[in-house]
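Here the structure is a predicted model, which is why all the values come from computation and not from measurement. Chain letters run A, B, ... following the sequence lines, proteins first and then strands; every chain starts at 1. All values below come from the heavy atoms of this structure, side chains included, with hydrogens, waters and symmetry mates left out.
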Number of protein chains: 2
Amino acid sequence: MDIQGLPGRLLADLGPAIASGEIAEGAVLRIEELEERFDVSRTVVREAVRMLESMQLVASRRRVGITVRPRSDWDVFNPTLIAWRLAGADRPAQLRSLGSLRVAVEPAAAGLAAVHADDDQRRRLGALATEMTMTGRAGDLDAFLRHDADFHATVLQASGNEMFAHLGATVEAVLRGRTEHHLMPHHPEEYAVQLHREVAEAITTGDATAAERAMRAIVTGALEELDAVLD
Amino acid sequence: MDIQGLPGRLLADLGPAIASGEIAEGAVLRIEELEERFDVSRTVVREAVRMLESMQLVASRRRVGITVRPRSDWDVFNPTLIAWRLAGADRPAQLRSLGSLRVAVEPAAAGLAAVHADDDQRRRLGALATEMTMTGRAGDLDAFLRHDADFHATVLQASGNEMFAHLGATVEAVLRGRTEHHLMPHHPEEYAVQLHREVAEAITTGDATAAERAMRAIVTGALEELDAVLD
DNA sequence: AGTCATTAAAAGTATGACCATTTGCTTCGG
DNA sequence: CCGAAGCAAATGGTCATACTTTTAATGACT
């Protein structure tokens, strides 16, 4: 997602360290120190710091240094930050947050999609639900994941709301994390897959209420499973 | 929200211009050109560009320049970008997007708040609802706005979900925009205010379902009013 | 016409100097 | 002894310039 020159290297090192709490709130970095530590020029350090600053991870003050801001200030919707946290120590907390967000957003998106989806999207959802059924039965978790993520992204897209649409990538990250960390049963539950078929059906027929209800069942189910696993 | 040195000046100029479409998708900027145009050094230009880049507004490529990315790539959850769009040409679209987001998120947040709010937050909500009633009757729109925004921020905070909590500032921006642009009746509707009292009551007594329902009525009402006005 | 080498344009990086601001300390006066 | 004024050092902020690397475009040679 983020591969850009030398500042990128600093980011890829500092960002996760801050996100994971390894570099604690209130810790102070100095430009000169970073220059030496990474053996790069001031220019590069400053650009990396600027990016951290624009995520509200740090604040830079003269005569003081670059201080790590309290977590409550962080721009928790920043996709890069989300990725770092998903990869790091507070995966569980991040997954729970995203789980709640999904419960709020995806049913609404499904309802809107039933009204706004174009023909292509409706076809696509049907096809994806079918694929999920088949790859699920076959136990092909990789393919299943791809289709699952694609399904949810398509629904979010079809909602016609740009902000919902942008959560597609985030949802994919959540789903991927789930399979990669073996939080999935070997064969996805037939019931969950059936709910996806219901969502596709409802969106195709333009039944907003049914789409919303079925999607709510999916995401609340996912959240419950998640809560069950994270103990 | 964002006032930082010279790069900040560039940002405050370029960002809104891009966000409003004044600088169109695919347009190409060059560092040297920006240096001259704003009479600043390369360092400053590069840092400003870095920030635009981290919002996915532009992409920088060697031998080509800094190109404005398609809107679909933009990080639409970035608070700075939201502010720019709210202030600029596509206010309406942005307000609609945020309205839908509120409809999705705030009822869920209210439901969670009924479970997770601490004593202080419950007291605060009750007090704010009372204030809204009084300032609403008095027609003091400024004070009403403050309490309204505070109310919603508190509910989002009390949900216990950091991502929801962070939408507080955004919701405030939406509400402020509404009053500032005279999309509010002179005296806020008594019914809307009553719904706020209901939310406070439900959260205080721990009734998640009632809190969710009342909040849903508030935000769907707001969205309908918005849609009615934006024609 | 197609392929490969050449060239030039633009971003990326480095360096060193200087500026501006903030904080802490010191000194002076009461 | 205390407080205020002012001084000094530390640190980020800005600048100018030169060098490096990537890559699109051009043109030559098959």
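- You'll find a donor-acceptor pair under 3.5 Å spanning the side chain of A/R42 and the base of D/dG13, going by distance alone.
- DNA chain C is contacted by both A/V40 and A/V64; A/V40 maps to the nucleotide lying nearer its 5′ end (nearest heavy atom per residue).
- Using a 4.0 Å heavy-atom distance criterion, B/L29 is classed as a sugar-phosphate-only contact.
- Going from atom CZ of A/F38 over to atom C1' of C/dT13 covers 17 Å, rounded to whole Å.
- In this structure, of C/dA11, D/dG12, D/dC15, it is D/dC15 that holds the atom nearest to the side chain of B/L6.
- Looking at B/R61, its side chain has no donor and acceptor atom pair within 3.5 Å of the base of C/dA11.
- Nucleotide C/dT13 holds its C1' atom 12 Å from the CD atom of A/E35, rounded to whole Å.
- For C/dA8, its base sits under 3.5 Å from the side chain of B/R63 at one donor and acceptor pair at least.
- Following rounding to the nearest Å, A/R30 (CZ) and D/dA10 (P) show an atom-to-atom distance of 11 Å.
- Side-chain contact of B/N161 with B/H116: a donor-acceptor pair under 3.5 Å is absent, judged by distance alone.
- Between the side chains of A/S97 and B/E162, a donor-acceptor pair is found at a separation under 3.5 Å.
- For B/E33, the CD atom counts as densely surrounded, since its 6.0 Å shell holds more than 12 non-hydrogen atoms of other residues, nucleotides or ligands.
- Closest to the A/P7 side chain, of the nucleotides C/dA11, D/dG12, C/dT13, is C/dT13.
- Residue-to-nucleotide proximity on DNA chain C shows that, of A/D39 and B/E32, the 5′-proximal contact is made by B/E32.
- For the pair B/E47 CD and D/dG12 P, the computed distance is 13 Å after rounding to whole Å.
- Protein atom CD1 of B/I66 is 17 Å distant from nucleotide atom P of C/dA9, rounded to whole Å.
- Among the nucleotides D/dC15, D/dT23, C/dT23, the one closest to the side chain of B/T43 is D/dC15.
- Atom CD1 in B/I31 sits about 15 Å away from atom C1' in D/dC15, given to the nearest Å.
- One interatomic measurement links the two molecules: CZ of A/R62 to P of D/dA8, which rounds to 20 Å at whole-angstrom precision.
- Distances were taken from every side-chain heavy atom of A/S41 (C-beta onward) to each of C/dA14, D/dG13, C/dA9; the shortest belongs to C/dA14.
- The interatomic distance linking A/R46 (CZ) with C/dA14 (C1') rounds to 15 Å, in whole Å.
- The environment of CD in B/E25 is crowded: more than 12 heavy-atom neighbours from other residues, nucleotides or ligands sit within 6.0 Å.
- Heavy atoms from other residues, nucleotides or ligands lying under 6.0 Å from CG of A/D120 number more than 12.
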